Structures are given as structure tokens and as C-alpha cells.
Amino acid sequence: MSSRDKQGNAPGKQAYEARRAAKAGVSLDNWLARKDDTRKAASAPPAQPNPVLAQARSVWRRLIDRAHRPL
């Protein structure tokens with residue numbers, strides 16, 4: 001096996017993650033899985049906006065634009 005583990009981390013990085021997992025009170029595998037899940041959740045596309053709220057925002061936007069127009 002090479003100097004890198006199955007996750008692709010260098011030995012120093014693996015030791016760092018092991019210390020973080022121990023500090024959190026979970027196993028290294030659970031720590032890495034949780035870390036991977038949060039990374040995937042952060043990169044997921046945002047949910048579609050609620051069309052009712054979008055329409056309400058557009059009404060307010062039009063009213064404010066109209067109020068800012070000169071008479």
C-alpha cells in the first residue's frame with residue numbers, strides 16, 4: 001500500500017482527522033462519512049423558491065419602484 005490511505009489522505013492528514021474524530025467522540029469512519037455528507041449537502045443546488053413568495057416580493061418591488069418614480 002502506498003503512503004496514502006484508502007480515502008486519499010496523506011498520513012499527517014489522516015492523523016489530524018483521527019484527532020478531530022476522537023475529540024468529537026465518534027469513530028474515524030463515522031467522522032469522515034459525516035464530513036463527506038456535509039460537503040455534499042453544501043454543494044447541492046438550492047431548492048426552488050416558493051412561487052407565492054416570489055409573487056409577493058414582486059408586488060412589493062413594483063410598489064417601491066412606483067413610489068421612487070418622480071411625479
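For this chain, numbers begin at 1 and follow the sequence in order. All of these numbers come straight from a predicted model, not from anything done at the bench.
A distance of 9.5 Å separates NZ of Lys23 from CH2 of Trp31, quoted to the nearest 0.5 Å. Rounded to the nearest 0.5 angstrom, Arg69 CZ and Ile64 CD1 are separated by 12.5 Å. Interatomic distance, CZ of Arg39 versus CG of Leu32, reported as 9.0 Å (0.5 Å rounding).
For Ala21 against Ser27, the heavy-atom pair with the smallest separation is CB-O, 3.9 Å.
Residues Leu28 and Tyr16 are members of separate hydrophobic clusters, defined by side-chain heavy-atom contacts under 4.5 angstrom among Ile, Leu, Val, Met, Phe, Trp and Tyr.
Contact of the Lys35 side chain with the Arg20 side chain is not registered, since no non-hydrogen atoms from C-beta on lie closer than 4.5 Å.
Under a 4.0 Å N-O distance rule, the pair Lys40/Asp36 qualifies as a salt bridge.
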